[in-house]
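Counting starts at 1 for both ligands and their atoms, in listed order. When a residue number appears, it is its place in the shown sequence, counting from 1. Side-chain atoms are counted along with the backbone in the values below, which use heavy atoms only and exclude waters and symmetry mates.
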Amino acid sequence: MTSTMNAPPAAPPRRARRPWIVPLMLVVTAFLAFSVPPYLTFDPANSRLEPPAGNDLYYPLLVAHVLFGTVAMSTACFQIWPAFRARHRRGHRITGRIYVFAGALPAGVLGLYIGWHTAAGPSVRVANLVGSALWLIVTLVGLRMARQRRYNDYRRWMSRSFALTMSIALSRVINIPATIVLTPQVDTTFGGSEELMTYSAASIGVWLSPLLLLLLTDWLLERRKPAVNRG
Ligand code: HEM
């Protein structure tokens, strides 16, 4: 699929040491500060998503997803921070394991369950299942590449995993203009149902955000390849 080199991760080139990590951490902090607190009360009445009637598993699994997702988002920032990687090799390995085993993998597995039980209709359901499955697959492939010491491939797959981790924040942002654009169509396109309009706006966010971030990631990865490899 991509080039393979049996060399450990090298120190980042000067070009890579840019202060994008600060805005990234601010975005992550803002997203977590806004999204997570209602779930720390462990009270279903504070949930932004209504648990399906008669399903006692949904709410605890949603809370677990949010907590593992928080671990994934926080540790992902350290994983892709070139200076942290270069200066704290051991720290990078430890946060990497936390990211995979206490973050992306459990949050992704739980995403499959809560995604299936979404109240937001079939389009959101399929997007949730596809997003969760992709998150699991790219993370597992990245883990396998690391175990095989195929570090170039490992970096590529973990970059895709990172993109999917961040896609949740972008989907919430896309939701805002989608809602603004669709609101005037409640009485026409959505036959008077505000609920249907909300589901459609959510669907646009959950489909577009992973797609855009995966495309952006692969474009950035291609750009960073040595010119000779680009053909
Ligand atoms: C690709 C990665 C992710 C996938 C596929 C995913 C999947 C899901 C699904 C299926 C739901 C239920 C939505 C519904 O019923 O329609 C959900 C809810 C939620 N997820 Fe994730 N998730 C991901 C990453 C994350 C991360 C990294 C966090 C960080 C904390 C997170 C936090 C939440 C929160 C807070 C909710 C509840 C909804 C809300 O209050 O806005 N998720 N997620």
Practice task
Decide if atom OH of Tyr199 counts as having more than 12 heavy atoms of other residues, nucleotides or ligands within a radius under 6.0 Å.
Solution key: yes
Completion exercise
Which of Thr75, Thr165, Thr139 passes side-chain hydrogen bond (donor to acceptor under 3.5 Å, both in side chains) with Tyr99? Answer is Thr165
Exercise for the section: Have a look at Leu164 and tell me which of Leu214, Leu136, Leu213 forms a side-chain contact (heavy atoms from CB on, under 4.5 Å) with it. Expected result: Leu214
Practice task
With side chain to side chain contact (heavy atoms under 4.5 Å, CB included) as the test, would you mind laying out the steps for Arg160 and Asp218 before giving the verdict?
Solution key: CA-CA 8 Å; Arg160 293 175 186 129; Asp218 269 69; 2.9 Å; yes
Taking a 3.5 Å cut-off between nitrogen or oxygen atoms, can you list every pair linking ligand 1 to the protein, with distances?
{"residue": "ligand 1", "atom": "15 (O)", "partner": "Thr118", "partner atom": "OG1", "Å": "3.0"}
{"residue": "ligand 1", "atom": "16 (O)", "partner": "Thr118", "partner atom": "OG1", "Å": "2.6"}
{"residue": "ligand 1", "atom": "16 (O)", "partner": "Asn128", "partner atom": "ND2", "Å": "3.2"}
{"residue": "ligand 1", "atom": "20 (N)", "partner": "His65", "partner atom": "NE2", "Å": "3.0"}
{"residue": "ligand 1", "atom": "22 (N)", "partner": "His65", "partner atom": "NE2", "Å": "2.9"}
{"residue": "ligand 1", "atom": "40 (O)", "partner": "Tyr39", "partner atom": "OH", "Å": "2.5"}
{"residue": "ligand 1", "atom": "41 (O)", "partner": "Arg172", "partner atom": "NE", "Å": "3.3"}
{"residue": "ligand 1", "atom": "41 (O)", "partner": "Arg172", "partner atom": "NH2", "Å": "2.9"}
{"residue": "ligand 1", "atom": "42 (N)", "partner": "His65", "partner atom": "NE2", "Å": "3.0"}
{"residue": "ligand 1", "atom": "43 (N)", "partner": "His65", "partner atom": "NE2", "Å": "2.8"}

Exercise for the section: For Asp43, enumerate each residue passing the salt bridge (Lys or Arg N to Asp or Glu O under 4.0 Å) test, keeping only those at least two apart in sequence or located in another chain. Expected result: none
Problem - Atom of Ala102, atom of Phe68 and distance for their closest heavy-atom approach - result: O-CD2, 3.1 Å
